[in-house]
Enquirer: 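My questions all concern the structure below.
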Protein chains: 2
Amino acid sequence: MQKDDLIEEKKLLVEEMGVYFETCDTLSPLSSRIFAYLALSLDEGVSFEELQEALEASKSSISTNLQLLQSMRRIGYFTKPGDRKRYFKIDDEQIINRLDDKIETWKHEKKIHQKVLCYKKRIFQDVEIDSENLLRIQYNEHYITFVDSMIQNLEKLKENLIQLK
Amino acid sequence: MQKDDLIEEKKLLVEEMGVYFETCDTLSPLSSRIFAYLALSLDEGVSFEELQEALEASKSSISTNLQLLQSMRRIGYFTKPGDRKRYFKIDDEQIINRLDDKIETWKHEKKIHQKVLCYKKRIFQDVEIDSENLLRIQYNEHYITFVDSMIQNLEKLKENLIQLK
DNA sequence: TATTTAGTTCGGTATTTACCGAACTAATGA
DNA sequence: TCATTAGTTCGGTAAATACCGAACTAAATA
């Protein structure tokens, strides 16, 4: 039957996406699968119960990891009137939030490279500097401008996504 | 004394960079510190022994992590004639290699999003599709083009770095 | 007021990861 | 040939992480 096929495909995709987000976003295995499952669940949100059953995990683990994903601004939930359950879904802004995180990471990288550059310059301040080391310092300087352009690109792409809404 | 100051500053920087690479490049704590230490050691390469002493780690751990960093194309070594020791240094191409890895990651991300898109389209192929879900599919398509531009940017920046050599 | 529902919190366990020491190899040197 | 140097490999341990179950809370319902 068609429906069973889709459920099977969903399982496979959750697993594949799970492994990806685990390593690339440093999420715990379960967080990663919850996020993947929600990303593939369109229309309505997904209840706590459904997650428990689909991912075969305990209540407590589901709870902990849902909170973690919420604190990372990757998911959110809504409620239905007259229904006590929460319905979880990926955060509408999660792509933008992830981009923000990436931008922060690059800014951090820039800061570190600036410190390294200072350190290198201090080392050579009194010594005469050979061409090889001069090259290294220039390379470092160039890398910082490269990181700057990365940050600019990410910010531009973020604006593009915001426009789209 | 000046020299002691520099050694102290190096220690602090190794620690700061260590924490950064640990989380951002998912390196083990020791790998991360080795890499940081090498990045701050200009001129000559650094011997196995010096790493052992500076990072207060065992022979075996240093060995394992040096191999790991080499397999990641982040560091390399050279030898001096009449000297059996290896002198480790960061790989001249490590920034480019890291960029390559980042490009691969984005390509992987693209592949996954394409699969998700296929899955979504399959879900809706027989059903009539409401405006909200149509929007979700469009968003997905847009994200893929966004990933494409990320990849292109990274490739351009990589070319720039190669030119510089 | 007692019961069910929906989720949280907390203490413990199992798995994974990081690191270590001791025994080993391969090459050089006495 | 035996000793030393430079590093590797392997088995084990300690620490961190992920997950679980049981007891709990807070709100709704009977």
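Naming: A, B, ... by sequence-line order, numbering from 1 per chain.
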Enquirer: If you find the nucleotide of DNA chain D closest to Leu27(A) and the one closest to Ser60(A), which residue's nucleotide is nearer the 5' end?
Expert: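 Here Leu27(A) is the residue nearer the 5' end.
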Enquirer: Report the distance from atom CD of Glu22(B) to atom P of dT17(C), rounded to the nearest whole Å.
Expert: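 Glu22(B) atom CD is separated from dT17(C) atom P by 14 Å.
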Enquirer: Atom CZ of Arg33(A) and atom P of dC19(D): how far apart are they, to the nearest Å?
Expert: 8 Å
Enquirer: Round to a whole Å and report the spacing from CZ of Phe48(B) to C1' of dT5(D).
Expert: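 So the CZ-C1' distance, Phe48(B) to dT5(D), works out to 12 Å.
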Enquirer: How would you label the contact of Leu30(B) with the nucleic acid (heavy atoms, under 4.0 Å): base, sugar-phosphate, or nothing?
Expert: sugar-phosphate
Enquirer: Give a yes/no answer on whether the side chain of Gln67(B) brings an N or O atom under 4.0 Å of OP1 or OP2 in dG7(D).
Expert: no
Enquirer: Rounding to a whole Å, what distance do you find between Ile62(A):CD1 and dA18(D):P?
Expert: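 My rounded result for the distance is 15 Å.
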Enquirer: Below 4.0 angstrom from OP1 or OP2 of dC19(C), is there any side-chain N or O of Ser28(B)?
Expert: yes
Enquirer: Does dA27(C) have its OP1 or OP2 closer than 4.0 Å to a side-chain nitrogen or oxygen of Arg86(B)?
Expert: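 So the side chain of Arg86(B) is outside the cut-off, no N or O lying under 4.0 Å from OP1 or OP2 of dA27(C).
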Enquirer: Please determine if a side-chain N or O atom of Ser61(B) lies less than 4.0 Å away from the OP1 or OP2 oxygen of dC20(C).
Expert: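 Answer yes for this pair, as a side-chain N or O of Ser61(B) is under 4.0 Å from OP1 or OP2.
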Enquirer: Give the rounded distance in Å between these two atoms: OH of Tyr87(B) and C1' of dT5(D).
Expert: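 Atom-to-atom, Tyr87(B) to dT5(D), this comes out as 12 Å.
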Enquirer: From C-beta outward on Asn65(A), which listed nucleotide comes closest to its side chain: dC19(D), dC20(D), dT9(D)?
Expert: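 Closest nucleotide to the Asn65(A) side chain: dC19(D).
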Enquirer: To the nearest Å, give me how far apart CD (Glu53(A)) and P (dG7(C)) are.
Expert: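 Rounded to whole Å, this separation is 13 Å.
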Enquirer: Counting only N and O atoms by type, is there a donor-acceptor contact under 3.5 Å from the side chain of Ser31(A) to the main-chain atoms of Leu27(A)?
Expert: no
Enquirer: Please report the shortest heavy-atom distance between Phe35(A) and Leu69(A), naming the atom on each side.
Expert: N-CD1, 4.1 Å
Enquirer: Please state how far atom CD in Gln52(B) lies from atom C1' in dC20(C), giving the value in whole angstrom units.
Expert: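 It works out to 12 Å between those atoms.
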Enquirer: dA28(D) base to Arg84(A) side chain: any donor-acceptor pair below 3.5 Å?
Expert: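 Looking at the base of dA28(D), it does not pair with any donor or acceptor on the side chain of Arg84(A) (distance under 3.5 Å).
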Enquirer: Of the nucleotides dT8(C), dC20(C), dC19(D), which one has an atom closest to the side chain of Ser63(A)?
Expert: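 The listed nucleotide nearest to Ser63(A)'s side chain is dT8(C).
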Enquirer: Any Lys/Arg nitrogen of Arg73(A) or Glu93(A) sitting under 4.0 Å from an Asp/Glu carboxylate oxygen of the other?
Expert: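 Salt bridge flag = no for Glu93(A) with Arg73(A).
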Enquirer: Between Thr64(A) and Lys85(A), which has a closest nucleotide on DNA chain C that is more 5'?
Expert: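 Residue closer to the 5' terminus by nearest nucleotide: Lys85(A).
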Enquirer: Can you check the Lys59(B) NZ to dA6(D) P distance for me, whole Å?
Expert: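 From Lys59(B) NZ to dA6(D) P: 9 Å.
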Enquirer: Going from CG on Leu66(B) to CG on Leu51(B), what distance comes out if it is rounded to the nearest 0.5 angstrom?
Expert: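 Leu66(B) CG to Leu51(B) CG: 6.0 Å, rounded to 0.5 Å.
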Enquirer: Strictly by modelled atom types, are Tyr143(B) and Glu109(B) linked by a side-chain donor-acceptor pair under 3.5 Å?
Expert: yes
